[in-house]
Amino acid sequence: MTGPRYRFAPSPTGFLHVGGARTALWNWALARKEGGTFVLRIEDTDEARNRPEWTQGIIDALAWLGVHADDPHFEGPYFQSQYADQHVATAQRLFAQGAAYYCDMTPADIEARNKAEGTQGYQGWSRDLGLGPGPGRVLRFRVPPGTTVVHDLVRGDVSFDNALIEDFVLLRGNGSPMFLLANVVDDLAMGITHVIRAEEHLSNTPKQQMIWEALGAQPPVWGHVPLLVNEQRKKISKRRDKVALEQYRDEGYLAQAMVNYLMTLGWTPKGDSEIAGWASMEADFRLEDVNHSPAFFDLKKLAAFNGEYIRAMTPAEFLEAGRPWLTAADAPYPVDRFDEGVFLAMAPHIQPRCVTLADAPGLVDFLFQPEVAVDAEAWAKATGTPEAVAVFRGALAAYEGLGDWSADALKAGLEAVGEANGLKLGKAQAPVRVAVTGRTVGPPLFESLECLGRDETLRRLRLAAALLP
RNA sequence: GCCCCCAUCGUCUAGUGGCCUAGGACACCACCCUUUCAAGGUGGCGGCACGGGUUCGAAUCCCGUUGGGGGUGCCA
């Protein structure tokens with residue numbers, strides 16, 4: 001493997017954040033198109049949030065998006081916690097060469113001193129005390145004078161005045177390494193050449209770059225991509241927003257739709273459509289073309305993308321994708337009555353009516369219910385007309401002797417019944433629809449009847465007719 | 001407070017000095033189609049934050065203002 005090495009380094013918080021998912025996708029596209037490597041590193045140094053199943057969840061979520069561990073471009077996962085020794089050793093090396101120093105001030109000490117002197121932050125008070133390691137002492141990086149320029153693929157050169165960056169902590173009082181250090185050491189150890197991550201890390205980048213330089217290494221190519229925000233324009237967070245990718249998956253969003261939508265948040269595929277397949281997006285994606293401003297994660301647009309993808313599926317694909325919902329224990333019909341053949345026949349009619357896969361069962365339920373659940377309000381509305389009885393009788397008469405049980409014939413039959421009663425087809429179908437499907441709205445009626453079959457249709461019609469005076 | 005980033009329709013964006021009386025998509029509205037609801041078709045609404053420059057010419061370049069966001073931890 002000689003190509004560029006990208007990395008995605010999530011912390012195992014229990015789910016894959018949609019913002020992280022986009023970052024992963026962009027890294028993945030770049031690694032693959034450039035013949036490089038995508039390294040997955042789990043930043044599990046926070047003991048409080050570190051469970052094996054959470055890591056597996058992230059791997060599964062990535063795989064769902066197409067970021068597969070069995071692809072040769074994929075490497076890992078590595079676990080940051082397993083590199084702790086290296087983190088500490090590197091810190092000690094920094095201390096030995098004078099790039100870092102020990103400090104015995106506690107946060108409370110610093111606060112007190114700032115109060116007394118009217119200053120803010122850590123003022124490098126222990127810089128030249130020549131302190132050695134000791135219990136409770138933190139190791140701080142000695143920020144050199146000058147200016148640090150971060151060369152960023154998305155934003156260009158960003159410069160920071162080192163004088164404004166305080167001597168930050170490398171090792172805690174208990175000796176454990178801080179994120180900034182661990183991150184750099186890991187990236188160095190894993191030969192990472194490109195660090196593409198969210199913009200929230202931009203401000204900390206000069207610190208990391210200084211560590212790279214202090215270590216005598218060449219910093220990676222940086223790329224800070226814009227944040228994903230909510231309607232309040234704040235970065236989407238677990239607290240207030242629906243950020244777990246897994247949740248969207250479970251709600252019936254398609255991976256392809258999610259991938260397509262995520263990719264277009266801050267970037268536009270070439271060509272005249274935003275709907276684009278992975279292959280073309282991977283080929284066209286460039287960090288240089290990424291927008292600089294935050295993007296609103298719009299559920300409405302995600303839904304539109306999803307509908308688009310659902311409509312594009314073949315019935316067989318639709319069945320396979322929808323199977324978990326169609327045969328779920330909580331489906332609105334006894335699961336053992338679900339019939340694939342019948343569903344396949346109905347699929348073209350319900351696909352344009354689905355936003356998510358979860359919508360499917362509710363659109364075909366009447367086909368598999370032994371007794372259709374009639375909505376009381378719908379029944380009242382559709383059968384409350386003077387013609388309802390006549391429609392039922394007429395339909396029954398027309399359908400009982402129908403030689404060709406097809407949508408066309410069923411439609412022609414009811415059209416005649418409507419005509420005889422002075423009703424347009426739209427009106428005439430209402431009572432029949434409620435009697436057979438339980439609702440006033442749903443997929444095309446005659447196709448539904450065709451799928452339901454003669455016996456069951458007639459049975460429901462008779463039952464309904466008997467209910468009217 | 002200080003540092004950094006950002007700024008085109010409500011939203012996602014195209015646009016890299018003349019092709020822009022600013023294009024598309026989602027959303028919204030209307031109409032068409034129609035077997036309900038969708039889908040689809042057609043049309044409409046709607047934007048370059050503001051102020052200075054630079055230039056023959058600015059959405060595009062520069063400066064400032066305003067606004068928004070991020071960072072600033074012995075979190076990651």
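In what follows, chains are A, B, ... by sequence order, proteins preceding strands, each numbered from 1. These numbers come from a predicted model, not from an experiment.
Between B/rG43 and B/rG23, the two P atoms lie 14 Å apart (nearest whole Å). When the P atom is compared between B/rC5 and B/rG46, the two are found 36 Å apart, to the nearest whole Å. Rounded to the nearest Å, the gap between the P atom of B/rU8 and that of B/rC3 is 24 Å. B/rC37 and B/rC20 have their C1' atoms separated by 41 Å, with the value rounded to a whole Å.
Across all strands shown, A/Phe446 has heavy atoms under 4.0 Å from base atoms, whether or not it also approaches the sugar-phosphate. If you check every strand for non-hydrogen atoms under 4.0 Å, A/Thr106 touches a base. Residue contacts shown for A/Gly266 are limited to sugar-phosphate atoms, with no base heavy atom under 4.0 Å away. Base contact: A/Gln120 has a heavy atom under 4.0 Å from a base atom. Within the nucleic acid shown, A/Leu445 comes within 4.0 Å of at least one base atom, counting heavy atoms only. Across all strands, A/Val169 comes closer than 4.0 Å only to sugar-phosphate atoms, never to a base (heavy-atom distances). As judged by a 4.0 angstrom heavy-atom cut-off over every strand, A/Pro107 is placed among the base-contacting residues. Within 4.0 Å of A/Phe160, counting heavy atoms only, lie sugar-phosphate atoms of the nucleic acid but no base atom.
Within the structure, salt bridge (charged side-chain N to carboxylate O under 4.0 Å, His left out) pairs that include any residue of residues 139-167 of chain A comprise A/Arg127-A/Asp167, A/Asp128-A/Arg142, A/Arg155-A/Glu199 (at least two apart or interchain). Sorted by first and then second residue, the side-chain hydrogen bond (donor to acceptor under 3.5 Å, both in side chains) pairs involving residues 234-243 of chain A (not counting sequence neighbours) are A/Glu200-A/Lys235, A/Asn230-A/Asp241, A/Lys242-A/Glu251. Evaluation of the ring-ring contact (aromatic ring centres under 6.0 Å, His included) test over residues 158-183 of chain A, restricted to residues two or more places apart or in two chains, returns A/Phe141-A/Phe168. Applying the salt bridge (charged side-chain N to carboxylate O under 4.0 Å, His left out) test to every pair with at least one member in residues 380-395 of chain A, sequence neighbours left out, gives no pairs at all.
For A/Phe179, the side-chain atoms get nearest to B/rA76 when compared with the rest of B/rA76, B/rC74, B/rC5. When the nucleotides B/rA76, B/rU35, B/rC5 are ranked by their closest atom to the side chain of A/His201, B/rA76 comes out on top. The side chain of A/Lys411 approaches B/rU35 more closely than any other nucleotide in the set B/rG73, B/rG71, B/rU35. Among the nucleotides B/rG71, B/rC75, B/rU13, the one closest to the side chain of A/Ser203 is B/rG71.
Atom CZ of A/Arg22 and atom P of B/rC12 are 12 Å apart (whole Å). Going from atom CG of A/Leu363 over to atom P of B/rA39 covers 13 Å, rounded to whole Å. In this structure, A/His17 atom NE2 and B/rA76 atom P are separated by 18 Å, rounded to whole Å. Here the P atom of nucleotide B/rC75 and the CG atom of A/Leu170 are 13 Å apart, to the nearest Å. Here B/rU13 presents its P atom at 13 Å from CE of A/Met263, a figure rounded to the nearest Å. B/rA14 atom P lies 14 Å from atom CG of A/Asp284, rounded to whole Å. Note: CD (A/Glu166) to P (B/rC74) measures 7 Å, nearest angstrom. The distance from atom CE of A/Met346 to atom C1' of B/rA38 is 12 Å, rounded to the nearest whole Å.
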Practice problem: List the protein contact pattern of nucleotides 23-33 of chain B with one symbol per nucleotide (5' to 3'): B for base contact, S for sugar-phosphate-only contact, - for none; contact means a heavy-atom distance under 4.0 Å. | Solution: -BBSS------
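Near RNA chain B, meaning a heavy atom under 4.0 Å away, the residues from residues 415-425 of chain A are A/Leu425. For the segment residues 224-235 of chain A, the set of residues with a heavy atom within less than 4.0 Å of an atom of RNA chain B comprises A/Leu227, A/Arg233, A/Lys234, A/Lys235, in numerical order.
Residues passing the ring-ring contact (aromatic ring centres under 6.0 Å, His included) test with A/Tyr309: none are found, sequence neighbours excluded. In terms of the side-chain contact (heavy atoms from CB on, under 4.5 Å) criterion, residue partners of A/Ser448 (sequence neighbours excluded) are, by chain and number, A/Met346, A/Phe366, A/Pro443.
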Practice problem: Go through A/Arg433 and A/Thr437 one step at a time and tell me if the side chain to side chain donor-acceptor pair (under 3.5 Å) criterion holds. | Solution: CA-CA 6 Å; A/Arg433 179 182 288 283; A/Thr437 74; 4.8 Å; no
What's touching nucleotides 62-64 of chain B from the protein side, N or O pairs under 3.5 Å?
none

For nucleotides 43-48 of chain B, give me every protein contact, N/O to N/O, under 3.5 Å, one pair per line with atom names.
none

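Close to B/rC75, at under 4.0 Å from its OP1 or OP2, lies a side-chain N or O of A/Arg172. Put simply, A/His292 has no side-chain N or O that comes within less than 4.0 Å of OP1 or OP2 on B/rC5. Between A/Arg311 and B/rG40 there is a side-chain N or O to OP1 or OP2 distance below 4.0 Å. The phosphate of B/rU72 (OP1 or OP2) has a side-chain N or O of A/Asn204 nearer than 4.0 angstrom. Listed pair A/Asn291 / B/rA14 meets the phosphate criterion, a side-chain N or O lying under 4.0 Å from OP1 or OP2.
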Using distance only, find each side-chain donor-acceptor pair of residues 414-421 of chain A under 3.5 Å and give its atom names and separation, not counting sequence neighbours.
from, atom 1, to, atom 2, distance (Å)
A/Asn421, ND2, A/Val417, O, 2.8

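Along RNA chain B, the nucleotide nearest to A/Ala295 and the one nearest to A/Gln80 differ in position, and the one closer to the 5' end is contacted by A/Ala295.
Looking at A/Asp187 and A/Arg7, a side-chain N of the basic residue comes within less than 4.0 Å of a carboxylate O on the acidic one, giving a salt bridge. Here A/Glu456 pairs with A/Arg460 in a salt bridge; the nearest charged N to carboxylate O distance falls below 4.0 Å. A salt bridge is defined here as a Lys NZ or Arg NE, NH1 or NH2 lying under 4.0 Å from an Asp or Glu carboxylate O, and A/Lys411 with A/Asp408 fails to meet this definition.
Residue A/Pro348 comes nearest to A/Ala345 through the heavy atom pair CD-O, 3.5 Å, listed as atom of the first residue, atom of the second, then distance.
Judged by distance alone, the side chains of A/Gln208 and A/Trp222 never bring a donor and an acceptor atom under 3.5 Å apart. For A/Gln120 and A/Asn114, the side-chain atoms include no donor-acceptor pair closer than 3.5 Å. Between A/Glu43 and A/Asn183, the side chains place a donor N or O and an acceptor N or O closer than 3.5 Å (distance only, hydrogens not considered).
Side-chain atoms of A/Arg353 and base atoms of B/rC37 include a donor and an acceptor less than 3.5 Å apart.
Looking at heavy atoms from C-beta onward, A/Asp44 lies out of side-chain contact with A/Ser11 at the 4.5 angstrom threshold. At a threshold of 4.5 Å between non-hydrogen side-chain atoms, the residues A/Leu188 and A/Leu215 count as touching.
Across all strands shown, B/rA7 forms a Watson-Crick or G-U wobble pair with B/rU66, both key distances being under 3.5 Å.
The aromatic rings of A/Tyr253 and A/Tyr248 stand perpendicular to each other, their planes meeting at an angle above 60°, with 30° marking the opposite boundary. Between A/His87 and A/Tyr83, the angle of the ring planes stays under 30°, which puts this pair in the parallel group of the 30/60° scheme.
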